There are 2 protein chains.
Amino acid sequence: MKLLRNTLLETFVTVVECGGFSDAQFALGITQSAISIRIRDLETGLGYRVCERGRGGFRLTERGEIAYRKARDILLSARDFDAELLELRNAITGDLRIGVVDAVSSLPGLPLVAALQKFLARPNEVQLELVIASPTDLTQRLISGEVHVAIAPFRHQLPDLSYTEVCKEAHRLYCSDQHPLFNLPAEEIDAGILSSYPLCQRSYDMMASTDLAKSKAQVVVANMEAMAMLIESGHYLGALPKHFAQSWVDKGIFRELNSDDLRWTSTFYLASRQSKAHRRAVELFIQDICSCADKSDPK
Amino acid sequence: MKLLRNTLLETFVTVVECGGFSDAQFALGITQSAISIRIRDLETGLGYRVCERGRGGFRLTERGEIAYRKARDILLSARDFDAELLELRNAITGDLRIGVVDAVSSLPGLPLVAALQKFLARPNEVQLELVIASPTDLTQRLISGEVHVAIAPFRHQLPDLSYTEVCKEAHRLYCSDQHPLFNLPAEEIDAGILSSYPLCQRSYDMMASTDLAKSKAQVVVANMEAMAMLIESGHYLGALPKHFAQSWVDKGIFRELNSDDLRWTSTFYLASRQSKAHRRAVELFIQDICSCADKSDPK
DNA sequence: TACTTACATGAATTTTTGTTATGTGAAAAT
DNA sequence: ATTTTCACATAACAAAAATTCATGTAAGTA
């Protein structure tokens, strides 16, 4: 059921996301004429043109761009609103939009998969969505309501959001077999040597680290796989989660530079914004995550 | 124009506020049958009954109560959303919902009327709403978006809201001509005498005062007119804004107990919540208020 | 020039929504 | 107890709105 139905806004958003009327036909399940009329009606109502279209291609106008973002936001909250009312019926319904950082599928102790299993085992009508993004990005999306919960190593915690510790992740510094350090005996590796090689840095969750972080980084990535590829190139040193680097180490491609001052741990938090929507689906999932969590230190 | 139209929710909310279908006919401009059908459709969609009705009277169910509050909230934000999109057209539209405390019409320096004149002088399509409520109540309504701006002597300021000083208000203690103190020479009036008479206290904006506040109040009011009536009864002393009490003083009904330690000043703030909706109408009005404000101390 | 793509438009049609008239059941009046 | 009235429900019909189908148009492409 659609309580806060709005055909005009829905049409507009879909059209934008399909990049034109013709493709949106199938997404919306109506004919192109209907779309044409709906957009015309929307524009008549608003009093301005939201997009240029025609053979020359589809393009939002300046105002259309703003309208599109607002419309997308309101449609999301409308869906949540529907779910809130439907949940009074004692069903578990609506969207559950979860955000996580990348490279967590192999993170031991992270109860995401277990929690999902537990959650989905209940009879429900929930529409799941799982987005991968950086912690900064996830924070934004939590605030806007684009995701209901997020799991990431949040360093800067906002007062508006509530955070629960979920697990820890061990990090180490790695080089690849193409790197000069790969075959150097462990005792010859010290801070001085290390700082003479360029470091690939992550744009978030900076290690609360040593001299390493101070050396100006030439490359910045926001994605673990990207980090791995740059390390693999042999030109950079880079920090990775242990569990994530393991497969490269096993294949003999990466070497862990394992000295005492090259160990970091980042703490993963489950973040959510209560004020946004208090929905049963969201509450249950948070509960599931917490009940599966393993907060012990990583080995 | 109605972008986020929803007939079902609108019908529901109106019906609740009219206390039944029959009255809601006129409010909604449709027949009673249509309402009956809409409510049936709403209930079918939700899967639960929202209200009991019939000859025995109209009553929301428990779930209906929750649904009603949520629906009312969402309809308000839907109106604001509409206004946001319409304002891209460069018109000033939508609701402007203003909250103030009572007894401010005679407050010198408060630029409300002047600001309203300035605001309304512009060509606009704004739907004004002016609600009178206590500061506590106004804070709640600001947060919920029920009002866009509020003017009151806010003592406890929330981090979520932004406050701008607007003007000051002088307060004095009064008694009426029915009161034993009315004819007592000024020099005989001291704290001791005063504390022997019952005080009518205000439930908000407590004077940062002296011994007076400490004496247990027997009566508490949240409204200046109520305060005036109780003072007029001759049983109570009470604090009032000078400007407000003036007409009683002029008529010889009230006497101002004017000693040095019986003078208070409260500061009025304009409060708003930016995050809620940033709308041109709201911004303009805030600007108008500020440009008219007179922040000097009251005589 | 002819063709294709991407959308607009008008007439016809389907779907939705609303009205009128009438029915039902419970409380109030007689 | 019977009738009346009130508050809403329902069915049949009417009006309005939304959608489709067929076709038109304009800009880019072959």
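Note that this is a predicted model, so its numbers are computed, not measured. Computed over heavy atoms, backbone and side chain alike; hydrogens, waters and symmetry mates excluded. By convention in this document, chain letters (A, B, ...) are assigned in the order of the sequence lines, proteins followed by strands, and residues within each chain are numbered from 1.
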Expressed in angstrom and rounded to an integer, what is the separation of B:Ile39 atom CD1 from C:dT17 atom C1'?
15 Å
Heavy atoms of other groups near A:Glu225 CD, more than 12 under 6.0 Å:
no
Partners passing side-chain hydrogen bond (donor to acceptor under 3.5 Å, both in side chains) against B:Arg55 (at least two apart in sequence or in another chain):
none
Set out, in order, the CA-CA distance, both residues' side-chain angles and the distance that settles side chain to side chain donor-acceptor pair (under 3.5 Å) for B:His148 and B:Asp80, then state yes or no.
CA-CA 10 Å; B:His148 298 115; B:Asp80 289 347; 3.1 Å; yes
For B:Glu43, is there an ion pair with B:Arg53 - N to carboxylate O distance below 4.0 angstrom?
yes
What's B:Ser22 touching, base or sugar-phosphate or nothing? Going by heavy atoms closer than 4.0 Å.
sugar-phosphate
What is the distance from CG of A:Asp23 to C1' of C:dC7, rounded to the nearest Å?
13 Å
Cationic N near anionic O, under 4.0 Å, B:Arg141 to B:Glu129:
no
Within the pair B:Arg53 and D:dA9, is there a side-chain N or O less than 4.0 Å away from OP1 or OP2?
yes
I need the CG-C1' distance between B:Asp41 and D:dT10, as an integer number of Å.
13 Å
Can you establish whether the number of heavy atoms outside A:Arg59 located under 6.0 Å from its atom CZ is more than 12?
no
Protein-nucleotide distance (A:Gln25, atom CD; D:dC21, atom P), rounded to Å:
11 Å
Could you tell me how far apart A:Glu52 (CD) and D:dA26 (P) are, to the nearest whole angstrom?
16 Å
For B:Phe12 and D:dC8, what is the distance between atoms CZ and C1' respectively, to the nearest whole Å?
16 Å
Please give, in whole Å, the distance from C:dC7 P to A:Leu42 CG?
16 Å
Taken to the nearest whole Å, CZ/A:Arg59 to P/D:dA27 is 15 Å
Going 5' to 3' through nucleotides 18-29 of chain C and flagging B where a protein heavy-atom sits under 4.0 Å of the base, S where only the sugar-phosphate is that close, and - otherwise, we get SBBB---BBSS-
